[in-house]
Amino acid sequence: MTRVVVDVMLKPEILDPQGEAVVRALPRLGASTVTGVRIGKRIELDFADGTDEQTMRDQANTIADALLANPVIEDFTIRVESDAEPEPAQ
Amino acid sequence: MTRVVVDVMLKPEILDPQGEAVVRALPRLGASTVTGVRIGKRIELDFADGTDEQTMRDQANTIADALLANPVIEDFTIRVESDAEPEPAQ
Amino acid sequence: MSTVDATDVLDTVGLATATPDEAQPYAELGLRDDEYAKIRAILGRRPTRSELAMYSIMWSEHCSYKSSRVHFRHFAEKSPKTDRLLAGIGENAGVIRVTDEIAVSFKVESHNHPSFVEPHQGAATGIGGIVRDILAMGARPIAVMDPLRFGSATHPDTKRVLPGVVGGISQYGNSLGLPNIGGEIVFDPCYQGNPLVNALCLGVLPVSRLQTMAASGIGNVVVLLGAKTGRDGIGGVSVLASATFEEGTESARPSVQVGDPFTEKLLIESCLEMYDASLVTGIQDLGGAGLTCALSETAAAAKLGMHVDLERVPLREASMSPHEVLASESQERMLLIVEPSKLEDVFAVADKWGVLATAIGEVTEAGDDGGRLVVDWHGHTVVDCPPGSLADDGPVYQRPMREPADRDLVAVDRAETLPRPGTPDELRETLLDMLASPNLCDKTWVTEQYDHYVRGNTVLAQPEDAGVIRIDESSGVGVAISTDGNGRYAKLDPYAGAQLALAEAYRNVGVTGANPIAVTDCLNFGSPEDPEVMWQFAEAVRGLADGCAELGIPVTGGNVSFYNQTGLVAIHPTPVVGVLGVLDDVNRRLSSGFRTDGDIVMLLGD
Amino acid sequence: MSARVGVVTFPGSLDDVDAARAIRLAGATPVSLWHDDSALRGVNAVVLPGGFSYGDYLRCGAIARFSAVMETVADAASAGLPVLGICNGFQILCESHLLPGALTRNRHMHFRNRPQAMRVENVDTAWTADFTAEQRVVVPVKNGEGCYVADEKTLDTLEAENRVVFRYVDGNPNGSQRDIAGVTNAAGNVVGLMPHPEHAVEALTGPSTDGLGVFTSVLAHLGATTR
Ligand SMILES: Nc1ncnc2c1ncn2[C@@H]1O[C@H](COP(=O)(O)OP(=O)(O)O)[C@@H](O)[C@H]1O
């Protein structure tokens with residue numbers, strides 16, 4: 001367990017033209033029940049083996065706050081990736 | 001529970017210039033234990049209330065495959081967001 | 001990793017000598033029986049896996065020009081005499097002297113197939129590749145152009161391909177700070193399954209800064225500069241990775257090359273700084289054939305040997321095997337030949353720009369046999385061959401040719417039989433239809449995505465007939481370039497079609513006030529194994545060479561792209577011709593369009 | 001001695017040569033500054049030029065903000081040194097919080113390059129003194145992420161304090177809020193704008209020579225403050 005994931009999303013009040021473009025394209029795909037799309041970033045930070053969780057969290061927080069997200073327009077969340085991976089597509 | 005999150009990441013063997021640029025910038029932030037950074041997309045799809053889970057999954061799959069990810073260079077994973085939100089940053 | 005299979009065993013020269021009968025997948029790598037036999041004869045044994053990879057790459061159509069080379073004698077024989085040509089066919093790009101002190105380098109190249117698979121990255125890396133060719137000559141890249149051909153404008157796949165291609169060119173070219181000063185966008189159903197993405201780059205250099213690819217100077221150090229090496233685009237070669245060759249099919253899927261324009265920009269600046277400090281003896285870009293091509297061409301050009309410790313190459317994936325490192329098409333890399341005393345300075349410049357620089361080998365003696373290219377992998381020799389056998393002695397074919405059977409048929413369908421607008425209303429209608437047609441309509445929606453202004457020397461760009469760039473601010477000297485090509489004309493008559501493309505580009509350059517002096521060309525054709533395509537090719541080359549002789553300007557370099565077809569159906573033969581002209585003072589350039597009310601309109605020519 | 005105006009080169013800067021030319025044509029001496037060197041070499045003003053610093057990876061200007069030179073520039077700016085950020089330079093100034101707001105992806109999502117008309121809204125900054133109030137100027141715009149955003153309160157403050165320096169007219173090329181093309185800090189010495197005045201300094205190569213005014217302005221400003 002040496003990976004921290006930082007999710008960076010535009011603040012709700014900031015316009016997301018990419019997300020809107022996806023919404024506009026949805027009817028063509030027959031995905032009519034989707035009501036909104038927001039596109040942000042998923043950033044995977046790999047740490048040296050053996051780094052303890054608190055250090056990872058602290059460093060990830062520092063990096064995200066200073067560099068990965070721009071507080072004027074973005075929010076971020078941090079999560080230490082558990083060994084249980086998210087289920088793959090299909 | 002009406003949100004599906006699609007994570008799109010470059011395939012492992014594909015060059016990620018963004019991630020590399022961030023890695024090179026980290027020492028200036030004092031984050032010396034980070035060994036690798038990969039930058040992908042996190043896409044939040046909001047569904048109309050009451051959409052059943054299988055429909056959400058199927059539609060998310062279709063959208064991800066056709067629109068959100070470029071299968072030549074990217075992989076994606078889909079996850080129905082549980083009510084337990086990931087812990088927010090401070 | 002418990003089972004020991006063939007892939008775990010390093011195939012060394014020693015092993016190859018000891019196991020002469022091991023079956024090798026040469027056919028899967030595109031080598032014919034007689035070609036494989038010739039490789040064995042050259043080596044006096046079977047090739048190692050790494051050698052087989054190298055020969056299959058260097059002897060491919062793309063690198064060896066095995067089908068086209070015999071026709072190029074037309075360019076050589078008919079080339080007009082000029083003392084302006086400082087580097088010509090055979091170099092990375094042509095170099096033409098403009099004034100006593102200043103020269104320019106320019107060349108057009110294709111990236112058709114990668115751009116169909118992944119339009120954005122394919123087109124982006126196409127720009128990256130041609131820019132490194134120009135950089136390798138000692139020039140600072142100063143402008144790009146992009147002649148493009150797509151299928152029908154209304155076809156759904158064009159919706160995928162076109163925005164991707166334009167986006168890739170825009171992203172890569174803009175990020176490098178290269179103004180885009182022209183190009184073409186042509187729609188025709190014949191390009192539906194095989195779009196053409198050609199890219200031209202122009203560079204400028206002081207005459208004294210001209211570089212060579214030759215790896216001269218025994219004991220000089222071979223330095224790899226730029227990005228790390230990964231499993232990019234090693235398509236066909238990955239059949240070598242499987243124990244049984246049938247297994248190879250899945251891993252044989254090439255990995256798409258992703259361009260990193262930021263690294264390329266740093267590569268440009270660091271190379272230029274090294275040239276100006278005279279730190280480089282020889283230099284070669286790494287293009288489609290990666291290290292294989294750069295090592296063998298630089299060694300062959302100097303007629304010397306080279307020794308490389310391949311494990312020193314910085315890798316993106318540690319598990320790569322030597323043949324993969326040799327075949328990798330990772331972008332944004334250059335190979336330098338450096339005197340040992342200048343090595344520290346080279347590293348310092350690279351470090352200043354944040355670019356990786358790694359000494360990977362050295363230049364060795366010629367010996368009796370003209371030198372050997374020896375590649376070691378952790379101390380074991382995996383390649384030991386004459387570099388010239390890779391770079392220069394590839395197969396050359398006189399492919400069969402036949403005039404296409406349908407030529408008479410096509411010719412019967414004459415323009416004279418088309419209905420003509422008779423009334424003013426019909427005339428108006430025809431004019432509007434023409435203006436609205438995808439091939440004639442305004443292209444601003446594309447060209448707006450390109451930077452025209454960067455570096456501040458763009459005198460004319462879109463929508464002018466030719467791009468004009470100032471190359472010297474003090475004197476106002478500049479150059480004009482135009483690219484043109486018409487596959488429909490060339491299909492009717494490839495000889496005349498090539499000449500019409502040349503004539504159009506020549507006129508486009510001329511109308512800016514420039515004096516045309518040099519030509520580059522990208523010859524986009526179907527399969528050379530089809531005698532009818534081969535005939536089209538031969539005719540186009542002959543036509544272009546005759547046209548250039550007539551106009552008194554030399555072909556200075558270019559590129560051949562074969563196998564542009566879908567199934568058995570080839571694209572229209574599409575020779576794209578670029579002409580470069582000189583303006584002694586760009587302040588005297590002429591732009592197109594009516595300027596002043598009351599001016600008299602005249603038609604020149606017939 | 002003519003004024004010395006520094007031009008910072010970051011890895012990936014592109015319009016540094018153009019900025020230097022504009023400074024020269026305006027009558028000052030361009031001085032190159034290097035991202036990794038905190039020395040300002042005695043310059044009287046600084047230009048952060050356009051381009052793709054660090055490839056514009058992650059976010060435009062996000063990585064450049066942490067360069068050695070930006071620390072000194074930030075300190076000098078708060079002490080009154082005139083600083084101009086053009087395009088990528090504007091993005092760096094916002095990322096550095098020397099200017100409010102942020103530059104985001106163009107609404108139409110394309111890179112767009114065209115001659116663009118703007119109105120000079122504030123002629124009291126260090127970089128606009130040579131323009132006349134409300135002057136209409138045409139200079140090239142070229143960006144993919146030039147859409148200016150800030151929260152309503154910030155926007156209102158900018159308007160109230162007359163800190164919108166340039167505003168797009170005859171069409172908004174990227175969807176910027178309130179057609180904002182450029183803004184200044186409260187003191188008026190730091191200005192950032194998306195369009196490229198340095199590409200409009202010669203009739204031969206630009207759509208106009210309107211951009212020259214930005215560079216002559218700072219010379220006038222420096223002349224007035226040193227006198
Ligand atoms: N159609 C052509 N006309 C003239 N010269 C050509 C043409 N095609 C290729 N050449 C020349 O042949 C040489 C080898 O071409 P190429 O393999 O494309 O070079 P590179 O190794 O730089 O990719 C180059 O000098 C190129 O200019």
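Just so it is clear, the values below take in all heavy atoms, side chains as well, and ignore hydrogens, waters and symmetry mates. Naming: A, B, ... by sequence-line order, numbering from 1 per chain.
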Considering residues at least two apart in sequence or located in another chain, which fulfil the salt bridge (Lys or Arg N to Asp or Glu O under 4.0 Å) criterion with B:Asp46?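 In terms of salt bridge (Lys or Arg N to Asp or Glu O under 4.0 Å), with neighbours along the sequence ignored, B:Asp46 is linked to B:Arg3.
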Partners of A:Asp75 by salt bridge (Lys or Arg N to Asp or Glu O under 4.0 Å), sequence neighbours excluded?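 Only A:Lys11 meet the salt bridge (Lys or Arg N to Asp or Glu O under 4.0 Å) criterion with A:Asp75.
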Against chain A, label B:Leu67 side chain, backbone, both or neither, depending on which of its atoms sit under 4.5 Å from a heavy atom there.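 Side chain of B:Leu67 only, per the 4.5 Å heavy-atom cut-off to chain A.
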Please identify, among A:Ile39, A:Val5, A:Asp65, the residue contributing the most non-hydrogen atom pairs under 4.5 Å to chain B.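 Greatest number of close heavy-atom pairs with chain B: A:Ile39.
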Selection from A:Ala64, A:Gly30, A:Ala48 maximising heavy-atom pairs under 4.5 Å formed with chain B: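 Top count of heavy-atom pairs under 4.5 Å with chain B: A:Ala48.
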Hey, are the side chains of [X] and [Y] touching, using non-hydrogen atoms and a 4.5 Å cut-off?
{"X": "B:Lys41", "Y": "A:Arg42", "result": "no"}
{"X": "A:Phe47", "Y": "B:Val34", "result": "yes"}
{"X": "A:Leu68", "Y": "B:Val22", "result": "yes"}
{"X": "A:Val37", "Y": "B:Glu44", "result": "no"}

For chain A, the option from B:Thr62, B:Leu26, B:Ile43 that forms the most heavy-atom pairs under 4.5 Å: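 Of B:Thr62, B:Leu26, B:Ile43, B:Ile43 has the most heavy-atom pairs under 4.5 Å with chain A.
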Pairwise distance CG(A:Leu45) to OG1(B:Thr35) - rounded to 0.5 angstrom: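 A:Leu45 CG to B:Thr35 OG1: 9.5 Å, rounded to 0.5 Å.
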Atom pair CG (A:Asp49) and OG1 (B:Thr33), whose distance is rounded to the nearest 0.5 Å: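 These two atoms lie 11.5 Å from each other.
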Which pair of non-hydrogen atoms, one from B:Leu29 and one from A:Ala66, has the smallest distance, and what is that distance?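 Distance-wise, the nearest heavy atoms are CD2-CB, 4.2 Å.
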